[in-house]
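Comments concern the structure below.
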2 protein chains.
Amino acid sequence: MEDYYKKTKHLVAVDCVIFGYKKEQLHLLLYPRGFEPAKGKWSLMGGFLQDKESSDDSARRILKSTTGLMDVYLEQVAFFTNPLRDKAARVISLVYYALLKEDKYDETLVREHGAHWWPVNKLPDFIFDHEEMVRKSMEKLQLKASINLVGIELLPEMFTLQQLRNLYEAIFQKKLDPGNFRKKLLSTDMFEKLNIKNTKASKKGAYYYRVKVTSQNKSFDRLMKF
Amino acid sequence: MEDYYKKTKHLVAVDCVIFGYKKEQLHLLLYPRGFEPAKGKWSLMGGFLQDKESSDDSARRILKSTTGLMDVYLEQVAFFTNPLRDKAARVISLVYYALLKEDKYDETLVREHGAHWWPVNKLPDFIFDHEEMVRKSMEKLQLKASINLVGIELLPEMFTLQQLRNLYEAIFQKKLDPGNFRKKLLSTDMFEKLNIKNTKASKKGAYYYRVKVTSQNKSFDRLMKF
DNA sequence: GCAAAAGTGTTGGCTATACACCCATGT
DNA sequence: ACATGGGTGTATAGCCAACACTTTTGC
């Protein structure tokens with residue numbers, strides 16, 4: 001066990017499942033693979049883990065270089081280690097998902113990489129095992145959204161309950177009852193009602209809310225079911 | 001990205017948090033570190049990921065060599081990548097937890113490795129970040145026990161509801177109401193009542209149950225709260 | 001006035017928890 | 001007979017889904 005130098009070393013990749021919320025739909029930022037094998041299929045943003053770099057730092061470096069964003073919410077998803085998963089070489093993959101605030105990223109930088117936003121309900125063909133990575137990320141995100149409020153990470157600072165509901169509908173890919181959703185979320189006492197109304201979405205106008213500073217990273221009291 | 005050969009390679013360890021259920025308490029199989037650094041502290045069972053070996057296979061190889069067991073329930077927990085986590089060298093760790101059936105493992109083999117079973121409520125000092133690995137494993141196990149029946153993996157084929165309740169009490173580290181537990185679990189219709197009684201634990205004797213074959217890997221209908 | 005979204009209220013069913021109570025039996 | 005765990009029943013509280021209903025306002 002102490003003979004570290006005798007052991008096989010491996011290439012370690014960090015792949016990021018980047019969620020963004022655009023046009024009331026959850027999207028993934030993907031880029032097309034330009035070379036064989038699997039040319040033309042779509043791929044997650046990834047890179048190799050470097051010397052003296054934690055995988056968290058690595059993921060942040062990848063996100064910085066592809067979206068320009070520094071402070072991004074990151075969560076571990078899983079590791080993928082099948083020796084044949086990458087046809088070109090034996091590569092271990094460490095997978096994260098990331099949540100990007102609407103329109104805060106650098107669109108030019110994104111385009112530079114040939115990247116494209118795909119709605120999660122109409123995804124293209126993926127290379128290798130990236131489809132499974134995405135599936136597991138969705139499951140993790142849904143679990144997280146049941147325990148914590150994900151509004152902070154994906155919505156602007158001020159939002160109506162309708163916008164928040166749309167976000168949750170996008171995450172769980174199903175319609176939610178407006179009245180019940182409203183009562184459920186407000187019962188957590190995590191929101192602050194503002195004296196401003198959004199009159200764009202309806203004639204009556206809906207009040208904007210803000211997440212209370214004190215409950216930034218708080219859990220719901222119980223596991224919410226959506 | 002295609003220049004695989006230029007990238008840094010890393011040592012990749014697979015560490016196993018081995019849960020066993022002994023004497024009505026959840027235990028962890030740990031072994032003492034016999035060399036510096038961190039000599040005398042306790043460590044998870046681990047080994048290095050080899051060439052052409054998936055981390056699942058690697059974990060199974062480690063479990064086979066330390067407990068003699070072939071078919072063990074395994075679940076991914078997380079990866080640990082802090083560059084300074086192992087003082088001797090930069091090592092990525094992939095962590096699994098394993099569930100060992102009571103008394104099915106090879107006690108001689110276990111002793112050979114100097115390993116020791118520690119009850120989860122009185123654990124020793126760990127090396128490096130192994131304590132966090134254990135904590136995350138406990139959380140994952142509790143989550144799993146809320147979604148699936150873990151009795152199959154940790155109990156003998158035949159068990160009384162009292163034994164099952166003790167197991168759940170050990171997993172969640174709290175007392176559960178006997179009557180309510182019974183009703184909750186039986187309501188899932190995953191059990192088959194046998195015509196045999198266990199008369200050791202009580203005078204009246206409790207019927208043995210068995211998990212129905214059809215519901216081996218089934219989920220509870222809802223998330224159970226214990 | 002009407003449509004459409006905002007927001008409130010009501011109801012029935014299910015689940016969790018606490019706990020009372022009877023059953024069977026070894027000592 | 002009584003203590004002990006096995007097993008059943010009941011009462012209460014809280015949550016959730018469905019849906020009726022009221023409010024506001026632009027057209």
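Naming: A, B, ... by sequence-line order, numbering from 1 per chain.
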### Task
Could you tell me whether the phosphate oxygens of C/dC14, OP1 or OP2, come under 4.0 Å of any side-chain nitrogen or oxygen in B/Arg222?
no

### Flag side-chain contact, heavy atom, 4.5 Å: B/Asp189 against B/Phe191
no

### Query
Between B/Tyr209 (OH) and D/dG6 (P), how many Å, whole number?
11 Å

### Message
Heavy-atom nearest nucleotide on DNA chain D for A/Lys203 versus A/Lys184: which residue maps closer to 5'?
### Response
A/Lys184

### Task
Tell whether B/Lys174 reaches the base of C/dT17 with its side chain through a donor-acceptor pair below 3.5 angstrom.
no

### Message
Taking the basic N atoms (NZ, or NE/NH1/NH2) and the acidic carboxylate oxygens, is any pair closer than 4.0 Å for A/Arg135 and A/Glu131?
### Response
no

### Query
Nearest to the side chain of B/Arg182, which nucleotide is it out of D/dT8, D/dG6, D/dA18?
D/dT8

### Task
By nearest nucleotide on DNA chain C, pick out whichever of B/Thr199 and B/Phe226 is the more 5' one.
B/Phe226

### Query
How long is the line joining CE of A/Met224 and P of D/dC15, in whole Å?
9 Å

### Message
Is the positively charged end of A/Lys184 above the ring of A/Phe226, judged by distance under 6.0 angstrom from the centroid and angle within 45° of the axis?
### Response
yes

### Query
Taking CG from B/Leu223 and P from D/dC16, how many angstroms apart are they, rounded to a whole number?
12 Å

### Query
Any side-chain heavy atom of A/Ile152 within less than 4.5 Å of one from A/Gln216?
yes

### Message
I want to verify a distance call: between C/dC19, D/dG6, C/dA6, whose nearest atom is closest to the B/Gln162 side chain?
### Response
D/dG6

### Query
Does B/Lys204 get its side chain close enough to the base of C/dA24, under 3.5 Å, for a donor-acceptor pair?
no

### Task
Take atom CG of B/Leu161 and atom C1' of D/dT8, then tell me their distance rounded to the nearest Å.
13 Å

### Query
D/dG6 base to B/Lys197 side chain: any donor-acceptor pair below 3.5 Å?
no

### Query
CG of B/Leu185 versus C1' of D/dG7: gap in Å, rounded?
14 Å

### Task
Would you indicate which nucleotide in C/dA16, C/dG7, D/dC19 comes nearest to any side-chain atom of B/Lys225?
C/dA16

### Task
Compare the minimum distances between each of D/dG5, D/dA18, D/dC16 and the side chain of A/Lys183, then state the nucleotide with the smallest one.
D/dA18

#### Entry: B/Asn198 CG - D/dG7 C1' separation (whole Å)
15 Å

### Task
Round to a whole Å and report the spacing from CG of B/Leu186 to P of D/dG9.
12 Å

### Message
Looking at B/Asn180 and C/dA18, is any side-chain donor or acceptor paired with a base atom of the opposite kind under 3.5 Å?
### Response
yes

### Task
Taking the six-membered ring for Trp and the single ring otherwise, decide whether the centroids of B/Trp117 and B/Tyr105 are under 6.0 Å apart.
yes

### Query
Taking atom C1' of D/dG6 as reference, at what distance in whole Å does atom CZ of B/Phe191 sit?
17 Å

